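Small disclaimer: the values here were computed from a predicted structure and weren't measured.
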Amino acid sequence: MPVMQPTPEDITLRGINYESDDGIEFDGFELTSDVPSFDGRDVGVLFLHGLRGFALGAGISPVAHPLARAGVRCLTINKRNSGKGYVTSDFGEIDHDVRGGVEWLLERGCDDVVIWGRSLGATEAAYYQGKRNDDDVDGLVLAAPFADIRERSTRGYFEAVSDDPDEAYESFVARARDLVDDGRGTEIVALPRPVGDGIEYIPMTAEAFLSYRSPDSACATIDWTPEIDVPSLLLPHASDRNVTPEEATEIAETYPDSTTVDVHPVEADHFFTGAESEVAGVTADFLRSL
């Protein structure tokens, strides 16, 4: 597991508060440097962390640091699904938090705003822009993107506990739906997930599970990319145990023909370990192209 490193001395790390556009207060961090602008432009990048992560979690800060040194205003936020909040959160509401982060950057004078999401955060970025078509957003970076988190990847989890993972998944979904129908949607269900030679159980309420992992969930990148008309950069991980590079290719093919989409595979794990500078450099090149 990647280890968090101290913030470098040449990076200014500042705690911030922001408000989602449905009125909930959250916090996060702004990362800047002494460089006042990015190639003479006021550019802001909003970072969205992955599953059960935090604003300064693995795969975020080491990528933001080089961008801040280049003059980008980097904002990484905690959301309603950060950390243990994931247990009770509703994926369908996450766009409110993303909009709050976009507004925060606009209020600080950013003329160009890019949303950069990793893993689940990549799906959140696609969901937000595909749903809202926000004119304030100038581009997206989808890093280690899953094509379909809800059903396809979740079915595979049940290989750890059943010889018939499809039937086990469908039974799990049916049980969660029954709990909701019985007014018990806040009860915890334990989602099995294979980790190495063992099994990890992810606690979620029945309602939260259905919002992220059921066939009816909105948590599928490929459902939202056909509606996106801003340039996008996809960064699949060539040695990623969680999501294959082929999923990025699949995602790219779902974009409208009129939308510019670049795919840049990275030889790294799910957290960019050892390749953070490459990821930051490719992201900077993408920012210059906007």
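- The shortest non-hydrogen separation linking R69 to V35 is O-CG2, 3.1 Å.
- Of the candidates Y86, Y127, F146, Y86 is the only one forming a ring-ring contact (aromatic ring centres under 6.0 Å, His included) with Y212.
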**OP:** Please assess Y18 against D27 for the test side chain to side chain donor-acceptor pair (under 3.5 Å), listing each intermediate value before the final yes or no.
**Re:** CA-CA 6 Å; Y18 77 99; D27 59 15; over 6 Å; no

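- In this structure, a donor-acceptor pair under 3.5 Å is absent between the side chains of T76 and H49.
- Atom CG of D163 has 12 or fewer heavy atoms from other residues, nucleotides or ligands within 6.0 Å.
- Residue D182 qualifies as enclosed at atom CG: its count of foreign heavy atoms under 6.0 Å is above 12.
- Ion pair R80/E93 flagged as a salt bridge, since at least one NZ, NE, NH1 or NH2 atom sits closer than 4.0 Å to an Asp/Glu carboxylate oxygen.
- Judged purely by distance below 3.5 Å, without hydrogens or angles, the side chains of E278 and H264 pair a donor atom with an acceptor atom.
- A side-chain N or O of S20 and one of D22 form a donor-acceptor pair less than 3.5 Å apart.
- In summary, R175 and D178 do not engage in a salt bridge, as defined by a charged side-chain N under 4.0 Å from a carboxylate O.
- When all heavy atoms are compared, the tightest approach of A68 to I11 is CB-CD1, 3.9 Å.
- Side-chain contact, T249 with E253: no donor N or O sits under 3.5 Å from an acceptor N or O.
- Between the side chains of T225 and T254, a donor-acceptor pair is found at a separation under 3.5 Å.
- Side-chain atoms of Y255 and S232 form a donor-acceptor pair, as typed in the model, at a separation below 3.5 Å.
- Contact check for F29 versus I16: no side-chain heavy atoms found under the 4.5 Å cut-off.
- For the pair R108 and W104, the cation-pi criterion (under 6.0 Å, within 45° of the ring axis) is fulfilled.
- From D112, atom CG reaches atom CG of D138 across 4.5 Å, with rounding to the nearest 0.5 Å.
- A salt bridge is defined here as a Lys NZ or Arg NE, NH1 or NH2 lying under 4.0 Å from an Asp or Glu carboxylate O, and E250 with R152 meets this definition.
- Residues S217 and S211 come closest through the heavy atom pair OG-O, 2.6 Å.
- Ion pairing between a basic and an acidic side chain is recognised when a charged N comes within 4.0 Å of a carboxylate O; D216 and R150 show no such pairing.
- Residues L233 and V282 are in side-chain contact: their nearest non-hydrogen atoms beyond the backbone lie under 4.5 Å apart.
- Under a 4.0 Å N-O distance rule, the pair R132/D95 qualifies as a salt bridge.
- If you look at W116 and F272, their ring centroids are closer than 6.0 Å.
- Using modelled atom types and a 3.5 Å distance limit, the side chains of N81 and E124 yield a donor-acceptor pair.
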